[in-house]
Amino acid sequence: MPADPPPLTPDCASCAGLCCVALPFAKSADFAASKPAGTPCTHLAADFRCTIHERLRPSGWSGCTVFDCHGAGQHLTQHTFGGRDWRAHPELRAPMFRAFPVLLHLHELLRYLTEAAERAPRSLYEETEAARARVAALTAYGPDELPAVDIAAERARANPVLTRVSEAIRAALPGPRTDHRGADLFAAHLRGADLRAANLRGAHRDRSGPARGGPCAART
């Protein structure tokens, strides 16, 4: 694994607007317009900043305000591609846009495993840390190696230990141990519900929660 694991907090000033270019948008309540992958958002400025950052929600781009790349954007720009960007080096457009979604999923998984390692009971720490180290090593892959990473396989590999850590943490919490894994909770009335020990993995909630597949709103 890399000597220094990648930061998992976005630093949009060190990115090349990858979330606003590499990812597709579908017109919806979260995004005011559709955009195919690989095409810059019409609001992306030449310096990779968002021209409507201060009015994203009223402009119909609420999905942008809850997106989190977990540091994948600046990692790909500054480390994977050595500080180069797709505008100054047009030949990097295709490889950068191929690698970004893969690194995005790896950073998300690494964040889960990092938190699990921090909270795991002693009996599960070694296994959790080994899983975290494996994913951290994958984030150090180069431009040609990243697109070949099987994200589904990596998630399946990490899932058992994440599940065991989750169960151990919830076992020590008060409240009913209800199982809502994979549940559709869009119309559920949860006000006042005690969900501290509930299993909510994969549950679908309303749009007030984190969105997937949208651009980053932190670019100022």
Side-chain angles (χ1 to χ4, degrees), residues 1-20 22-23 30 63-81 96 98-122 124-142 145-170 173 180-182 195-196 198-205 207-219:
M1 67 178 279
D4 297 312
L8 300 176
T9 301
D11 177 10
C12 295
S14 299
C15 182
L18 291 171
C19 57
C20 305
L23 303 179
D30 293 317
C64 303
T65 66
V66 292
F67 177 76
D68 190 340
C69 77
H70 307 291
Q74 74 260 21
H75 187 178
L76 192 82
T77 303
Q78 300 300 328
H79 297 280
T80 311
F81 285 89
M96 287 190 87
R98 280 196 302 269
F100 178 64
V102 177
L103 192 62
L104 177 63
H105 285 295
L106 288 175
H107 271 241
E108 181 182 50
L109 184 56
L110 182 59
R111 181 167 183 173
Y112 295 155
L113 288 166
T114 298
E115 182 175 353
E118 292 171 350
R119 302 181 64 183
R122 183 174 301 178
L124 290 172
Y125 176 77
E126 186 173 337
E127 180 184 6
T128 308
E129 176 60 20
R132 189 203 64 81
R134 172 183 169 78
V135 176
L138 293 176
T139 67
Y141 276 13
E145 300 170 298
L146 274 173
V149 174
D150 188 335
I151 293 298
E154 294 305 325
R155 288 188 181 279
R157 186 191 294 263
N159 185 64
V161 67
L162 286 172
T163 298
R164 286 193 287 274
V165 172
S166 174
E167 291 172 346
I169 292 172
R170 287 184 288 108
L173 294 174
H180 296 300
R181 181 167 182 150
L195 300 174
R196 287 174 293 177
N199 184 351
L200 296 170
R201 294 195 68 195
H204 301 282
R205 289 163 288 177
R207 289 190 291 110
S208 63
R212 294 286 185 265
C216 183
R219 197 178 317 283

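All values below were derived from every heavy atom in this structure, side-chain atoms included, with hydrogens, water molecules and symmetry-related copies excluded.
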* Asked: Mind checking whether His105 and Glu154 have side chains closer than 4.5 Å, heavy atoms only?
  ->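 Heavy-atom side-chain distance check fails, nothing below 4.5 Å.
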[atom1] of [X] to [atom2] of [Y]: how many Å apart, nearest 0.5 Å?
| X | Y | atom1 | atom2 | answer |
| --- | --- | --- | --- | --- |
| Phe100 | Thr80 | CZ | OG1 | 11.0 Å |
| Leu113 | Glu108 | CG | CD | 11.0 Å |
| Leu106 | Arg134 | CG | CZ | 10.0 Å |
| Arg111 | Thr9 | CZ | OG1 | 6.5 Å |
| Leu173 | Leu195 | CG | CG | 11.5 Å |
| Ile151 | Leu138 | CD1 | CG | 8.0 Å |

Counting only N and O atoms by type, is there a donor-acceptor contact under 3.5 Å from the side chain of [X] to the main-chain atoms of [Y]?
| X | Y | value |
| --- | --- | --- |
| His70 | His107 | no |
| Gln78 | Ser14 | yes |
| Ser166 | Leu162 | no |

Closest non-hydrogen atom pair, [X] against [Y]:
| X | Y | result |
| --- | --- | --- |
| Leu103 | Ala72 | CD2-O, 3.6 Å |
| Leu124 | Ala168 | CD1-CB, 4.3 Å |
| Pro6 | Thr139 | CG-OG1, 3.5 Å |
| Ala117 | Thr128 | N-CG2, 3.4 Å |
| Gly73 | Cys69 | N-SG, 3.5 Å |
| Leu109 | Ala158 | CD1-CB, 3.9 Å |

* **Residues Arg132, Glu118: salt bridge by 4.0 Å N-O rule** =>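 Salt bridge between Arg132 and Glu118, a charged N being under 4.0 Å from a carboxylate O: no.
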* To do: Please list, chain by chain and in numerical order, all residues satisfying side-chain contact (heavy atoms from CB on, under 4.5 Å) with Glu145, sequence neighbours excluded.
  => Tyr141
* For side chain to side chain contact (heavy atoms under 4.5 Å, CB included), just list the numbers for Leu104 and Leu23, CA-CA rounded to whole Å, side-chain angles, deciding distance to a tenth of an Å, and then say yes or no. => CA-CA 10 Å; Leu104 177 63; Leu23 303 179; 4.2 Å; yes
* Asked: By side-chain hydrogen bond (donor to acceptor under 3.5 Å, both in side chains), which residues pair with Glu115, not counting sequence neighbours?
  -> Arg119
* After noting the C-alpha distance and the side-chain angles of Thr163 and Glu167, does the key distance pass the side chain to side chain contact (heavy atoms under 4.5 Å, CB included) rule? -> CA-CA 6 Å; Thr163 298; Glu167 291 172 346; 3.6 Å; yes
